[in-house]
Structure formats: structure tokens, C-alpha cells
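What follows is a short report on a single structure.
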Amino acid sequence: MNTVIVGQGAIGLLCYHRLSQAENNKQGDDLVSLWPSTPATRIDYSFNEMNGVTKRFPLTIADKPSLTCADVIIVCVKSYQATDALKTIHQFIADDAIIILTHNGLGTLEEINPPLKPSQCLLALLLTQGAKKIAPYHVEHTGMGHSDLGIISGKLSAIKQKQLLACLNKSLKQLNWQENIQQAQWKKLAINCVINPISALNNTENGQINQKPYQEMTKDIISEIVAVAAKEGVTLKVSLLRQLVYNVAESTAKNTSSMRADVLNQRRTEIDYINGYIHRLGEKHQLTTTINTQLWLAVKALENKYLP
């Protein structure tokens with residue numbers, strides 16, 4: 001399947017690397033190219049494996065014909081960039097293209113405009129792998145993990161689903177097909193609502209979240225999420241989400257969360273689509289989301305100190 005990766009951040013380069021270096025792609029069976037969010041004339045990139053080995057690889061930059069011929073388009077940009085990214089490329093995308101979004105948080109689906117064509121299928125890819133951008137077109141793989149994939153809107157034939165899973169499993173590994181991707185999205189959202197803002201505001205590694213000072217806050221964050229999710233027709237359990245948060249914080253104990261990295265590098269964060277999303281749904285359903293709202297406002301205040 002011909003694939004275009006949109007975005008050259010850490011996750012974009014990670015996906016590009018894994019897909020382009022898969023055995024079937026190295027043999028020329030499939031074409032993988034990168035559509036950067038800013039003009040690029042690069043012909044190579046650097047990739048650090050988890051074992052410390054760093055190598056340079058050729059880079060194929062996508063053009064408009066590449067988008068038109070693409071069977072799969074994976075949009076690897078921040079949540080607040082997704083809508084604009086799709087607006088930029090939607091006129092070039094084939095009517096039967098499979099479009100995959102992979103970003104933190106929820107709320108971008110409501111923003112997508114113009115809407116996708118009825119024949120185009122939109123999917124969500126939830127990655128738990130870690131990647132760190134060291135420099136432009138230089139990424140380090142910092143952590144393994146599983147991935148979840150499922151349909152957000154549209155339909156996917158059994159044949160195309162099989163082809164897509166075969167293609168992605170050869171590269172991303174540990175890929176699970178989720179018939180109810182919404183449930184998986186909410187679980188990941190809950191994890192992000194805890195780990196991201198706490199680590200960003202306190203400048204701590206992920207593992208610190210499991211320490212006693214943050215336990216009560218973690219419980220309150222999750223309790224608010226469960227209440228809001230129920231109003232949205234999603235059933236979640238506080239005990240299960242707390243265990244998920246603990247497990248992720250433990251398995252990525254030495255990692256820097258994406259939000260902490262954004263703050264340290266004085267970039268816009270995805271807080272509006274994480275705790276901010278819970279705040280907006282709370283207002284919609286007339287539910288109090290005190291802790292999520294406080295975290296949202298605190299990170300926004302932090303951003304305002306360095307953003308123009």
C-alpha cells in the first residue's frame with residue numbers, strides 16, 4: 001500500500017522510518033514518502049535505535065501526485081495542527097484513501113472542515129511508543145509499546161482492512177485492531193490527562209506521577225473523566241484507569257512526557273485537547289470538572305509566559 005506520512009515531528013519520523021524500512025518496502029513493493037509541514041529539501045534523516053545505534057537513511061519527500069496516489073495517509077501532527085493539515089492536503093487525496101490520525105487528546109474530529117468525502121475512511125492510531133526529536137530530521141526511539149487502530153468514521157472493506165493491518169504490522173508491530181476505538185481513545189485520554197499536565201507543571205519525569213503527593217490528584221482527575229465520559233455514552237471504571245496510569249508511568253518512568261517537552265522547548269502544548277477537552281464537555285453536560293479545569297488553566301498560564 002502506498003503511504004504518505006504527514007508531519008516530520010518525532011512520531012512522524014518514527015512512523016516513516018518503521019514503514020520505509022519494513023522488508024516489503026525495502027524490496028520496492030510499496031512506496032512510503034513524507035509530506036513535511038514546512039518545505040523541505042532534505043535527502044536523508046538520522047535515526048537512533050534504542051540500543052544506541054545511530055544511522056542515516058534516505059528520505060523520500062512526497063509531492064502532490066504522491067498524495068493523489070496514496071492508499072494510506074497517516075497524519076502525524078499535534079492535535080491543534082490536524083485540522084489545518086487536512087485542509088492543506090484534502091483536495092489532493094484520492095476518493096478512496098484511508099486517512100489515519102495519530103495525536104494526543106480528543107476534539108479534533110469536531111473541527112475537521114471541510115468534511116471528508118463519504119468514500120474516505122478516517123481511522124485513529126493510538127501509539128504508546130516513545131520518540132524524541134533531537135534535531136530537525138533526527139529522531140531517537142525511546143520506548144517500545146503497543147498500538148491500537150480503529151475506525152472513527154466511514155467504512156473499510158474486509159480486504160482493505162486485512163491489507164492495512166498486514167502493512168502496518170510489519171513495521172509498527174504489536175498493532176491491535178479495535179472495533180470500539182472510542183473506548184481506547186478515552187483510556188489514552190485519561191492517561192494523558194494525568195501524566196502530561198502534572199509532569200509539565202512540576203517538571204518531572206513520568207515515574208514521579210506514581211509517588212504519594214500526586215495520588216489524590218490522580219484519583220480526582222480520573223473520577224471527573226469517568227463522570228464526563230458517561231454523559232458521552234462511554235463507560236469507564238476509576239479503578240481500571242488508575243491502574244492504567246500507574247502502569248504507563250511505571251513503564252515510562254524515565255521518559256519526558258510530550259507536554260513537558262513542549263513546555264521545556266517553549267512550544268504550544270496539546271492541553272486544549274486533553275484536560276481542556278474534559279473542561280468543555282463538563283460545561284456541555286453541566287458537570288463540575290474542578291481539577292481538570294485547574295490543570296488546563298495552569299498549563300495555559302504557563303504557555304502564555306513564553307508564547308507571543
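FYI, side chains are in, hydrogens and waters are out, and symmetry mates aren't considered; it's all heavy atoms of this structure.
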Assess the side chains of [X] and [Y]: does a donor N or O sit below 3.5 Å from an acceptor N or O?
X	Y	answer
His90	Gln120	no
Trp177	Glu179	yes
Ser33	Thr60	no
Tyr80	His103	no
Asn48	Thr54	yes
Ser258	Asn196	yes
Asn255	Asn206	no
Asp220	Ser223	no
Glu205	Gln208	no
Glu224	Thr289	no
Glu111	Tyr273	yes
Ser46	Arg56	yes
Ser171	Gln21	no

A quick test of your reading: do over 12 heavy atoms of other residues, nucleotides or ligands sit less than 6.0 Å from [atom1] of [X]?
X	atom1	value
Lys133	NZ	yes
Leu240	CG	yes
Gln286	CD	no

Mind checking the [atom1]-[atom2] spacing from [X] to [Y]? Nearest 0.5 Å is all I need.
X	Y	atom1	atom2	answer
Leu19	Thr3	CG	OG1	6.0 Å
Gln185	Gln183	CD	CD	10.5 Å
Leu156	Ile151	CG	CD1	5.0 Å
Leu172	Ile74	CG	CD1	6.5 Å
Ile195	Thr252	CD1	OG1	5.5 Å
Met259	Glu303	CE	CD	8.0 Å

pair [X]-[Y]: side-chain heavy atoms closer than 4.5 Å:
X	Y	value
Tyr137	Ile43	no
Gln161	Leu165	yes
Leu164	Ile98	yes
Ile100	Ile73	no
Val75	Thr102	no
Asp63	Ser66	yes
Cys167	Asn169	no
Leu302	Leu201	yes

Test side-chain contact (heavy atoms from CB on, under 4.5 Å) on Glu49 and His17; report intermediate values, then the result. CA-CA 11 Å; Glu49 292 287 359; His17 179 75; 3.7 Å; yes
Whether [X] side chain and [Y] backbone form a donor-acceptor pair below 3.5 Å:
X	Y	result
Tyr306	Arg267	yes
Gln81	Lys78	yes
Asn202	Ile198	yes
Thr288	Thr290	no
Gln8	Ser37	yes
Glu232	Val228	no
Ser199	Arg260	no
Thr108	Ala82	no
Asn192	Ile274	no
Thr128	His146	yes

Dump the intermediate steps for side-chain contact (heavy atoms from CB on, under 4.5 Å) on Cys193 and Ile278, then the final yes or no. CA-CA 9 Å; Cys193 279; Ile278 299 301; 3.9 Å; yes
Residues Cys15, Leu127; criterion side-chain contact (heavy atoms from CB on, under 4.5 Å); working and verdict: CA-CA 10 Å; Cys15 289; Leu127 294 170; 4.0 Å; yes
Given the rule that I, L, V, M, F, W and Y join up when any side-chain heavy atoms are under 4.5 Å apart, are [X] and [Y] in one cluster?
X	Y	answer
Ile112	Ile93	yes
Leu241	Ile181	no
Met144	Leu244	no
Val234	Leu126	no
Leu149	Ile191	no

State which residue, out of Lys155, Lys160, Lys117, fulfils the salt bridge (Lys or Arg N to Asp or Glu O under 4.0 Å) condition with Asp96.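 Going through Lys155, Lys160, Lys117 one by one, the salt bridge (Lys or Arg N to Asp or Glu O under 4.0 Å) with Asp96 is satisfied by Lys160 alone.
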Set out, in order, the CA-CA distance, both residues' side-chain angles and the distance that settles side-chain contact (heavy atoms from CB on, under 4.5 Å) for Leu287 and Glu283, then state yes or no. CA-CA 6 Å; Leu287 291 176; Glu283 288 190 324; over 6 Å; no
Nearest non-hydrogen partners of [X] and [Y], listed with the distance:
X	Y	value
Val139	Ala10	CG2-O, 3.6 Å
Trp35	Lys64	CZ3-N, 3.9 Å
Ile225	Ala190	CD1-CA, 3.8 Å
Ala131	Ile11	CB-CD1, 4.2 Å
Leu189	Gly105	CD1-CA, 4.0 Å

Step-by-step salt bridge (charged side-chain N to carboxylate O under 4.0 Å, His left out) determination, Asp148 to Lys187: CA-CA 11 Å; Asp148 293 310; Lys187 289 179 180 178; over 6 Å; no
Give me the ring orientation class for Tyr45 and Tyr16: parallel if the planes are under 30° apart, tilted from 30 to 60°, perpendicular past 60°.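 Tyr45 and Tyr16: perpendicular rings.
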Indicate the ring-plane relationship of Tyr277 and Trp186, choosing parallel, tilted or perpendicular according to the 30° and 60° boundaries.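 Ring orientation of Tyr277 relative to Trp186: tilted.
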